[in-house]
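One structure below.
Proteins come first, then strands; the chains are lettered A, B, ... in the order of their sequence lines, and each starts at number 1.
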Amino acid sequence: MLTLKFITENRDDAIRRLNKKHFADAEKMIDEVIALNNNRRSTQKELDDTLAQINQVSKTVGALMQSGKREEAEIAKAETAKYKEISRELSAKMDNLAISIQNLLLQIPNVPKESVPEGTGADDNVVEKMSGINPTFNFEVLPHWELAKKYDLIDFELGVKITGAGFPVYKGKGARLQRALINFFLDEARNAGYLEIMPPTAVNEASGYGTGQLPDKEGQMYHCEVDNLYLIPTAEVPVTNIYRDVILSEKDLPIKNCAYTQCFRREAGSYGKDVRGLNRLHEFSKIEIVRIDTPEHSEESHKEMLSHVESLVQKLELPYRILRLCGGDMSFTAALCFDFEVYSAAQKRWLEVSSVSNFESYQANRLKCRYKTAEGKTELCHTLNGSALALPRIVAALLENNQTPEGIRIPKVLIPYCGFDIIK
RNA sequence: GGAGAGAUGGCAGAGUGGUCGAUUGCAGCGGUCUUGAAAACCGCCGUACUGAGAGGUACCGGGGGUUCGAAUCCCUCUCUCUCCGCCA
């Protein structure tokens with residue numbers, strides 16, 4: 001969430017930038033926050049003064065009792081009664097104000113950076129870069145779900161039997177390809193300086209709130225009600241929460257973590273051709289990269305993350321494009337976000353395989369993730385994360401783009417990881 | 001699942017109703033000494049809100065209560081540890 005300091009000191013700027021995100025009622029909500037906060041401040045002053053009175057009288061009571069002046073002590077005791085009544089009312093008022101402010105702040109999205117383009121939806125995203133060669137075929141190409149069946153790589157029906165739609169079963173070379181990609185992505189991340197983390201895939205409520213999946217996306221996560229745990233939709237949740245309520249030292253930044261986990265998404269409301277095959281799953285594998293950084297360096301970190309992700313799709317020899325998301329298409333919490341898409345030759349469409357975002361201090365404020373500067377000041381960190389990469393759509397593109405009459409060719413970089421160079 | 005113990009500052013660990021926001025040790029920071037380092041010695045060393053500042057207020061797992069006054073007493077919730085049971 002945005003900080004009160006930012007909102008109160010940059011009212012007009014905040015409203016203008018929220019409008020870029022096409023956030024309705026920006027002005028109304030910002031002004032309400034400011035009004036509530038002013039009220040909160042004056043109420044707190046009153047409350048603090050009242051409590052100070054009580055504390056002071058209490059001290060004299062103690063002193064009087066010790067010196068045996070009982071009657072005077074009794075008089076002093078009686079005096080606190082009226083202050084107590086006042087403080088009770090004031091603290092009730094304070095609690096209400098604090099809750100109202102918190103509720104409002106949770107509803108206000110992050111403000112986009114200046115470099116975010118104007119726009120209302122996916123069509124307004126700016127293509128930053130397009131690279132790689134779209135494959136051409138002189139035979140009839142099959143979509144990946146048919147290739148998966150033809151070569152017995154992925155069994156969607158079996159997944160339905162065991163669990164349900166969106167939980168595919170990978171078999172033989174299909175399973176080995178999964179493991180190869182996971183290891184390849186993890187090795188690449190480690191070589192780029194990321195510390196590998198293997199976190200739990202179920203998290204508690206506090207972690208869900210920490211990274212902002214709760215309360216907004218409650219319905220999108222699998223919830224184990226008996227123990228009140230949530231299956232993670234991304235490794236971002238457990239990994240970023242490592243730094244919840246932590247004050248880091250400036251010399252430790254940027255922190256660079258990577259993690260492979262299974263990810264679970266209910267995808268309530270999804271249907272149609274977008275969910276065919278591997279395009280949208282309830283459970284999938286993903287390698288996530290996470291950074292915690294200083295405000296001064298986070299932009300640089302973001303660039304490094306983008307070139308890391310770009311190197312992955314390049315090594316996999318996939319045609320790709322990088323989109324700079326417009327204000328209207330960005331997520332609630334991002335300040336700047338780039339999407340990577342790979343071209344899927346049989347489906348003839350772009351598939352999103354990575355989203356690399358800078359959240360600036362928005363997420364850190366909720367997480368209370370701070371760092372001590374060299375001068376000893378405590379400041380909010382910036383947090384960033386990105387997929388590097390999510391497997392299913394990469395697999396979809398690899399299968400479709402690399403199909404030949406002889407079989408499916410494995411990109412050179414993956415051959416040592418797979419242990420085979422063609423699927424036939 | 002059964003029984004017991006516990007939750008205090010980055011860590012360890014005192015504190016059982018009145019200058020306790022908290023003794024002490026370690027770690028950290030600054031300094032003296034040293035060619036440099038170590039050792040020794042001296043000083044500093046939680047977070048947040050509020051105030052121009054001095055300062056004020058809150059926080060000893062969370063919430064509630066008793067009291068003029070609570071880290072300390074009571075209730076409640078959560079979590080952790082130990083032992084037993086079950087088990088990958």
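Base pairing of rG1(B) is made with rC84(B), judged by Watson-Crick or G-U wobble geometry with both donor-acceptor distances under 3.5 Å. Across all strands shown, rG56(B) is found opposite rC49(B) as a Watson-Crick or G-U wobble partner, with both distances under 3.5 Å. rG69(B) makes up no base pair with any nucleotide shown, lacking Watson-Crick or G-U wobble contacts both under 3.5 Å. Judged by Watson-Crick or G-U wobble contacts below 3.5 Å, the nucleotide rU32(B) has rA40(B) as its partner. Base pairing analysis places rU78(B) opposite rA7(B); the two distances defining the Watson-Crick or G-U wobble pair are each below 3.5 Å.
Interatomic distance, CG of Leu380(A) versus CD1 of Ile247(A), reported as 10.0 Å (0.5 Å rounding).
If you check every strand for non-hydrogen atoms under 4.0 Å, Leu47(A) touches nothing. If you check every strand for non-hydrogen atoms under 4.0 Å, Ala52(A) touches sugar and phosphate atoms only. If you check every strand for non-hydrogen atoms under 4.0 Å, Ser249(A) touches nothing.
Enclosure of atom CD in Glu299(A) is not indicated, since only 12 or fewer non-hydrogen atoms of other residues, nucleotides or ligands lie within 6.0 angstrom.
Of the candidates rG56(B), rG46(B), rC49(B), the closest approach to any side-chain atom of Lys372(A) belongs to rG46(B).
Listed pair Thr80(A) / rG69(B) fails the phosphate criterion, with no side-chain N or O lying under 4.0 Å from OP1 or OP2. Between Asn55(A) and rG56(B), a side-chain N or O to OP1/OP2 separation shorter than 4.0 Å is absent.
Looking only at atom types and distance, the side chain of Arg244(A) has a donor-acceptor partner in the side chain of Asn241(A) under 3.5 Å away.
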